[in-house]
Amino acid sequence: MVDIAGAQTEKSAGEVAEARQALLSRRAHVMRPATLSRCVGADEEDWRHFASHWEDLAADGYAARHGTHRLRRYGHFLLDRTGTLRPMPHLAFAQPEETNRLHVGEDRHFEPLTDAFVADPLFKGLTRMLGQVATCLHDADEWSVKVHPFRVVASADADGQPTPEGRHRDGVTLVTSLMIGRENAVGGQSTVTEPDGTQVLATTLHERGTLLLGDDRATLHEVDPVRPADGTRPARRDVLVTTLTARRNAERDAQVG
């Protein structure tokens, strides 16, 4: 059972510190499921319940234009130093032009996160922990948190494309990808590189609760296509992508005004 208040034991606090140090030294880090579960105070039943939200995603019509069968939802929050998570109005999702070559200058409208997803203690505990990790990259009073649960589907005649835009940045401070589940899937290797193409890290997220963290200011990332292991059945890859961006004073002032 998720225990947000008690999640930060001495051991888990040390593991959060280890993740911070890895981000500072390597610019990318993988947290293993047992480590992440300790850091957010979650057990197997919490993870199973959290994964059930991926059965309630909506079709991504923008990805379909490029031949990618993808389901998703989207939410935007503010996270402060105290761990308070505040939902923002549900608006279009837009990325800086230099970060997404497929949707230049386009506002994309996605279905919002469900109330059940937002209320899930595991989601709240995870997001607060990410805020603790991100402090090594920027000493921010407040973070803009954007949340994207994804399901990519592949078939024998159509690979699943987790990153159809190719190697890219998201234009944020911290970018994370959390494995929720895979079924009948091969491929899907995640690669993090320096801007000159030097590989920083390459890993395939297999086990639920594996978390990949990256300093988006200093690296680029991409994920290889997913294919069915058994071509007679579809494959799926479920992940939660969460990004944190340090908010500038001017942004906070505008929000107050």
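As a basis for the values below, the full set of heavy atoms in this structure was taken, side chains included, without hydrogen atoms, waters or symmetry mates. Nothing fancy with the numbering, it's 1 onward along the sequence.
- Contact of the T176 side chain with the M31 side chain is not registered, since no non-hydrogen atoms from C-beta on lie closer than 4.5 Å.
- Listed for the H53 side chain is no donor-acceptor partner under 3.5 Å among the backbone atoms of A51.
- The environment of CG in D230 is crowded: more than 12 heavy-atom neighbours from other residues, nucleotides or ligands sit within 6.0 Å.
- Looking at L23 and L174, their side chains come closer than 4.5 Å, going by heavy atoms from C-beta outward.
- Side-chain heavy atoms closer than 4.5 Å link hydrophobic residues (I, L, V, M, F, W, Y) into clusters, and following such links, even through other members, never connects V223 to V152.
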One pair to check against side chain to side chain contact (heavy atoms under 4.5 Å, CB included): T242 and L130. What are the steps and the verdict?
CA-CA 9 Å; T242 305; L130 293 179; 3.8 Å; yes
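- Judged purely by atom type and a 3.5 angstrom limit, N184 uses its side chain to pair as donor or acceptor with the backbone of R233.
- Here L78 contributes atom CG and R86 contributes atom CZ; the two are 5.0 Å apart, rounded to the nearest 0.5 Å.
- Considering every non-hydrogen atom in both V153 and P234, the closest pair reads CG1-CB, 4.3 Å.
- Between R217 and R27 there is a side-chain heavy-atom pair separated by less than 4.5 Å.
- Heavy-atom minimum distance, V192 versus A28: CG1-CB, 4.0 Å.
- No side-chain heavy atom of H138 sits less than 4.5 Å from a side-chain heavy atom of R247.
- Here D224 contributes atom CG and D159 contributes atom CG; the two are 10.5 Å apart, rounded to the nearest 0.5 Å.
- Under the 3.5 Å distance criterion, with hydrogens and angles disregarded, a donor-acceptor pair is assigned to the side chains of W47 and S37.
- Using a 4.5 Å heavy-atom cutoff, the side chains of Q189 and T191 are in contact.
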Go through the steps to decide whether D46 and R48 satisfy the test salt bridge (charged side-chain N to carboxylate O under 4.0 Å, His left out), and finish with yes or no.
CA-CA 6 Å; D46 298 320; R48 282 193 292 271; over 6 Å; no
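- Geometric assessment of R72 against the ring of F150 yields a negative cation-pi assignment under the 6.0 Å and 45° thresholds.
- Residues A154 and V226 come closest through the heavy atom pair CB-O, 3.2 Å.
- K146 places none of its side-chain heavy atoms less than 4.5 Å from the side chain of M88.
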Tell me, with the steps shown, if F123 and F117 meet ring pair (Phe, Tyr, Trp, His ring centres under 6.0 Å).
CA-CA 7 Å; F123 164 65; F117 186 106; 5.2 Å; yes
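- For the atom pair D56 CG and R151 CZ, the distance stands at 10.5 Å (nearest 0.5 Å).
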Going through the distances and angles, do D216 and H221 end up as a side chain to side chain contact (heavy atoms under 4.5 Å, CB included)?
CA-CA 8 Å; D216 194 60; H221 59 276; 3.7 Å; yes
Could you walk me through whether I180 and V239 satisfy the side chain to side chain contact (heavy atoms under 4.5 Å, CB included) test, starting with their C-alpha distance in whole Å, then the side-chain angles of each, then the deciding distance to 0.1 Å, before giving a yes or no?
CA-CA 5 Å; I180 300 298; V239 300; 5.5 Å; no
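- Under a hydrophobic-cluster definition in which Ile, Leu, Val, Met, Phe, Trp and Tyr are linked whenever side-chain heavy atoms come within less than 4.5 Å, directly or via other members, V172 and L211 are assigned to different clusters.
- Between D139 and R81 there is a salt bridge, since at least one side-chain N of the basic residue sits less than 4.0 Å from a carboxylate O of the acidic one.
- Listed for the R237 side chain is no donor-acceptor partner under 3.5 Å among the backbone atoms of Q161.
- Side chain of S25 to main chain of Q21: a donor-acceptor pair is present (N/O by atom type, distance under 3.5 Å, no hydrogens or angles).
- The shortest non-hydrogen separation linking E207 to P33 is CD-CG, 3.6 Å.
- With R167 contributing its side chain and L220 its backbone, the two residues share no donor-acceptor pair below 3.5 Å.
- In this structure, the side chain of D60 does not engage the main chain of L71 through any donor-acceptor pair within 3.5 Å.
- In terms of hydrophobic clustering, with Ile, Leu, Val, Met, Phe, Trp and Tyr side chains grouped at heavy-atom distances under 4.5 Å, L85 and V133 are assigned to a common cluster.
- The main-chain N or O of V200 is found under 3.5 Å from a side-chain atom of R26 such that the two form a donor-acceptor pair.
- Residues V40 and L212 fall into different hydrophobic clusters, defined by Ile, Leu, Val, Met, Phe, Trp and Tyr side chains chained together at heavy-atom separations under 4.5 Å.
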Stepwise side-chain hydrogen bond (donor to acceptor under 3.5 Å, both in side chains) test for S144 and H76:
CA-CA 7 Å; S144 172; H76 184 197; 2.8 Å; yes
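- Residues R32 and L36 have side chains not in contact (no heavy-atom distance under 4.5 Å, counting atoms from C-beta outward).
- Between the W54 side chain and the L240 main chain, no donor and acceptor come within less than 3.5 Å of each other.
- Between Y74 and H90, the angle of the ring planes lies from 30° to 60°, which puts this pair in the tilted group.
- Atom CG of D141 sits about 12.0 Å away from atom OG1 of T135, to the nearest 0.5 Å.
- Annotation: the span from L24 atom CG to L137 atom CG amounts to 6.5 Å, rounded to 0.5 Å.
- Of all heavy-atom pairs between G188 and T204, the closest is O-CG2, 4.0 Å.
- Heavy atoms only, all atoms of each residue included: S12 and R38 are closest at CB-O, 3.7 Å.
- Atom CD of E15 sits about 7.0 Å away from atom CD of E18, to the nearest 0.5 Å.
- Side-chain contact between P164 and R70 is present, with at least one heavy-atom pair separated by less than 4.5 Å.
- Side-chain heavy atoms closer than 4.5 Å link hydrophobic residues (I, L, V, M, F, W, Y) into clusters, and following such links, possibly through other members, connects L122 to V147.
- T173 places a side-chain N or O within 3.5 Å of a backbone atom of A246 that can act as its donor or acceptor partner.
- Side-chain atoms of R182 come within 3.5 Å of backbone N or O of A185 as a donor-acceptor pair.
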